[in-house]
Structures are given as structure tokens and as C-alpha cells.
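We name chains A, B, ... by the order of the sequence lines, and we start the count at 1 in each one.
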Amino acid sequence: MNFYGVKAIYNFEMSRMRRTLMQSVLSPVISTCLYFIVFGSAIGSRMGNIDSIEYAAYIIPGLVMLSLLMQSISNASFGIYMPKFSGTIYEVLSAPVSYVEVVLGYVGAAATKSVILGLIILATARLFVDYSVLHPFWMLSFLVLTAVTFSMFGFIIGIWADGFEKLQIVPMMIVTPLTFLGGTFYSIDMLPEIWQTISLFNPVVYLISGFRWAFYGVSDVHVGISVGMTLLFLVACMGGIWWIFKTGYRLRT
Amino acid sequence: MQPDISVKNLNKVYEGGFQALKNINLEINRGEIFALLGPNGAGKTTMISIICGITNLSSGEVRAAGYDIVKDYRKARGTIGLVPQELNTDSFETVWNAVSFSRGLFGKAPNPAHIEKVLRDLSLWDKRNNRIMTLSGGMKRRLMIAKALSHEPRILFLDEPTAGVDVELRRDMWEMVRKLREDGVTIILTTHYIEEAEEMADRIGVIRQGEIILVEDKDQLMSKLGKKELRLQLQNKLDKVPGELILEPVELSEDGYELIYTFDSQQEQAGVARLLRTLGDIGIEYRDLRTRESSLEEIFVGLVHEQAAG
Ligand SMILES: Nc1ncnc2c1ncn2[C@@H]1O[C@H](COP(=O)(O)OP(=O)(O)OP(=O)(O)O)[C@@H](O)[C@H]1O
Ligand SMILES: [Mg+2]
């Protein structure tokens, strides 16, 4: 195990994130605050409780998930795309690091940052809404698992992307809609039956549902299914990365 | 002694079917400076990229320091430092961080003293806290070298290290490369400045269109393929080469005041003596004479063209 190699990549990525603190921490925090103000305070005050939870509190897990998914993907995809774009990737490719180590460094750093960001958003939410966490262990577990999984997903996108456009397109065109339709602002039960069924094909539903369960003990689907689905995505992303490195896809000509 | 780099039957076909390397066989010895020469697109960078692990090989076997670069990639790569042809750097990092990063990446424990030494040797010490984007092109080139040396490699690849580097700095670099060799580092460099190879290399390889067309000891190459020239400044103008010399490789300069005799370095003695005797016999007087050896550059150009024609 090339421990120093992993550490070098990890530290490099973390210092890149520190340089872009405004963009990487402040902007998600601000946009989440806006959601709280608009949906939580302004509209939320006229909404009834869902599953006997105050609306403003109900949307917190979903909003955190939204930022977590977006940030994990964009951190990790930029992290690996930039060296590809600038050509500095040559150094990683020529170094005595295995692909597991490369992933540990890049994905580890991206996930770390997402988790920190998630916690910051949770702390910020506290300023607007009084909420409690019923299962702190599971809350953290979901946070970390999701961050890791979607950082891996971002890593795959970063390798696949051959332009900045592709880098943006997946988070914008796929993840945002899936998250909005994944029960951030409502319970799946509130939808007509047909849409409930369709929703079950949306992977984000399971993430949000499980995460919300960790907060309030209520969920759209059983928490066991949420954990299972999250692990399933994790394994799928690992498989994708394994394939990329095995074939050298878009990394080695 | 086993070679430090051994390349056997190496082929590279890029996606799209272009064959950049054709059955390359090459051995590079421990502690030598090997210059790889070849025109643009010959396959120099491709070969270096394969040895360093950046590009996949299509077939063949490559060993670095005795380790197979595929099966034993960790050990093989750990011995190699690479200064790539392109200046690819992270603009926002500081010099110090970038060089420390490289050392870590190659699995070495931090060693600030070594990094300091490398930066001082490359006159980058004053710039250690500068962001890379504030460096000049030549400084960036040196930074790339510092990164390659950060993990104390035993084999160093320099892919056109002196492109865009001023004359003085080039001399410094040559000096540095020689010092590295004294420390036992094996050095493989490519360059388009042939005089650089002439100045530095122990051995020379020439690659053209993906094929190694020659590998020779530099001195032997110079004497084997090098031509010498003897120029005689004449006392009186001649209209044509005298009949007595018609069978010799002698030409007359345009103004008619100079006889130029070209000969292979190997047969020099006999030929020159005979020429001078003949001139004395037929009464042609000369004021001065000069000899000149052809440079590696001329040899190289001759080689590449000859092969291209044949
Ligand atoms: N990624 C690639 N895909 C397809 N062809 C490539 C690729 N990289 C290089 N080539 C081709 O392989 C050949 C050898 O290129 P290479 O970069 O090895 O040449 P070189 O000897 O280093 O030239 P130069 O002196 O210009 O640096 C060229 O014809 C080039 O177009
Ligand atoms: Mg090249």
C-alpha cells in the first residue's frame, strides 16, 4: 500500500477545496438557506404537517441530500477532470499507485468535503428550524455512505467527460430533477398511485427516505430497503471504477 | 550487468490503427546518458510514455531496473522520474507543495532537506512559495525537473528538457545532468538540439517512423559516420579541379580559391598525405589549410534522409 501516495492525492484535493472555499461551501450553504426561507418559513408556515412533522423540518433531510449529491458529484468529477484537462494526470499515471489508491485519494477527499458540507448545512438549518435527530448513528452513516457513493459516481463522470459541458450536464439534467422528484418537498404517499410507482424507480427516493428516517423515524419506504439500495449504488459505482481502470478507459491510450 | 531499461519487441498501435512503434528492441545501461534522437512524430514520446506507465503497450515486454512495467508496475515506476515534453502544471499550487506532492505520490516519506536541495540545485529556492502560474516558462521547465527528482529516481527520462530554455540555463542543465550521472542515475533524453546529444550522451539511438534505425556509442558513431573536411586556401585561382586529382574526393569552391577535400575519419592519414604530395608534384601552392569535422547534426540529418530515401 502506497500510503504516502494516497495522502498526497488526498491533501492535494483538500487544499484545492480550501482554495475554492467560497464556491464549494458558501454557495451551497446560501442556496440551502434560500430554500429554508422560501419553502420552510414562507410557504411552510401555511403547509400542514407531513407524517406529523412540521413542514420546515420535514424538508431538511431532502435539502441536505440535494447538496450532498450535487457537491459529491461535482467535487469528485472536477477533481479527476482537471488533471485530465490540464495534462497533470501524467504524474498520477506514472506513479507507483494502484487504482484503489487513486480512488481512495480522490474519492476520499471529495466525500470528506461533502460530509463536512452536509454537517455545515445541518448546523445552518438549526438557525431556521428546531429539529432533532432520532438516530444519530444512522444519520451519519447515511451521510457518509451517500457522500462516498456519489463521489465515486462523480469520479466516473469526471473520467467520462471530455469537456466542461458534460461535467455539468449530469448533475444539472439528472441529479437535480431526481432529487426534486425524490421526495425532498413531499412524501411519496401524497402522489397519485401511478406516480408513486414511477417514483420507486428513482434511486434518490431511497436515499432521502432513509435519511429522513434517521431524523424523524418516518419514511416512505422501509429503512432496510434504503440501506440496501444505497449499498447497491455503492457496489455499482465500484464496479464502474474497476472497469475504468481495468480497461484504461479514457485514462491511458 | 543487467540493463536498467530493457525493451523487447515493443509495438504500439494507437486507437484508430496508427502504429507508432514497430518492434522496438533497446537496452539502456546503468548509469549512462542515452540520447534518443528522431524527427517530429518519430515515436520518442510514445516510447517514453509506455516505459513510464502513461500509455499502454500493444505488445512486447519492457523492464525498468529489472522489474516488468506491467506485472511489477509499482517497483518499476518507483525507480523512474519523468520530465515530460509538455509543460503541464497546476497553476495554483506553490512550487514547494507541487514538488512535495510528487515525492508523496511516489510513496516516499517527506524529506524537506531533499526537496530543498533539489530546489536549490535548480535555482528555484527563491521561488518556493510562489504559485506556479507566476513562474516563467524556463522556471516551469525546471519545476518539472524538480518534481521528477523529488523522489530520488534511479532512472530519469528527460523528454526535450531544454526546449525553450536559454543558453546559459541549458549549460546549467547539462551540468546538472552530468552530476546526476555521477551519482549513478541513468538518464534518457530526447532532444532536437543535436549538439546537446553530442555534448552529453554516452550512446545515441536514432528512431524514425517508429523504428530504431541505429544505436551506437557516440564516439564510435562520430568516427564511423563522421566526415572530415580539409580546406586549402590557394595562392592562385584555379578554373577547375586539376586532372591529377580527378579521382580524389576533391571539389573546388565557387570563387576558385579553395580546394575542399572530404574524407572519412578512418582513412585520414593516408589520404591527406597523398593529396598534399600530389599538390606539391603538380605545383599548386596554398597559403593555409583548415580541417573540420562534421557535427553529429550533419550525421543525423544524413542518416535520417538516407534511410528515408532507401
Ligand atoms: N494519443 C494518440 N493517438 C493517436 N496517435 C498518436 C497519439 N499520440 C501520438 N500519436 C502519433 O504517434 C506518432 C509518434 O508521436 P510521438 O509523440 O511519440 O512523437 P515524438 O517522436 O515524440 O515527436 P516530437 O519530436 O514531435 O515530440 C505521431 O505520428 C503521433 O501523431
Ligand atoms: Mg515528443
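A:Q71 and A:S114 share no donor-acceptor pair across their side chains, judged by distance under 3.5 Å alone. There is a side-chain donor-acceptor pair under 3.5 Å between A:E91 and B:S102. For the residue pair B:T162 / B:E196, a side-chain donor-acceptor distance below 3.5 Å is found, with atom types taken as modelled.
With a 4.5 angstrom heavy-atom cutoff, B:A98 does not touch chain A via any of its atoms. Within the 4.5 angstrom heavy-atom criterion, atoms from both the backbone and the side chain of A:V92 approach chain B. Using a 4.5 Å cut-off between heavy atoms, B:K12 touches chain A through its side chain atoms alone. With a 4.5 Å cut-off on non-hydrogen atoms, B:Y14 touches chain A through its side chain but not through its backbone. With a 4.5 Å cut-off on non-hydrogen atoms, B:T55 touches chain A through its backbone and its side chain both. For chain B, no part of A:F3 is nearby; none of its heavy atoms comes within less than 4.5 Å.
Aromatic rings of A:F85 and A:F164 (six-membered ring for Trp) have centroids within the 6.0 Å cut-off, being under it.
Side chains of A:M70 and A:M65 form no contact here, defined as non-hydrogen atoms less than 4.5 Å apart.
Contacts with chain A were tallied for B:P110, B:S49, B:A109; B:A109 has the most, counting heavy-atom pairs under 4.5 Å. Residue with the most contacts toward chain B among A:G105, A:S15, A:S98, A:S86: A:S98 (heavy-atom pairs, distance under 4.5 Å).
To the nearest 0.5 Å, atom CZ of residue A:F36 and atom OG1 of residue A:T124 are 8.0 Å apart.
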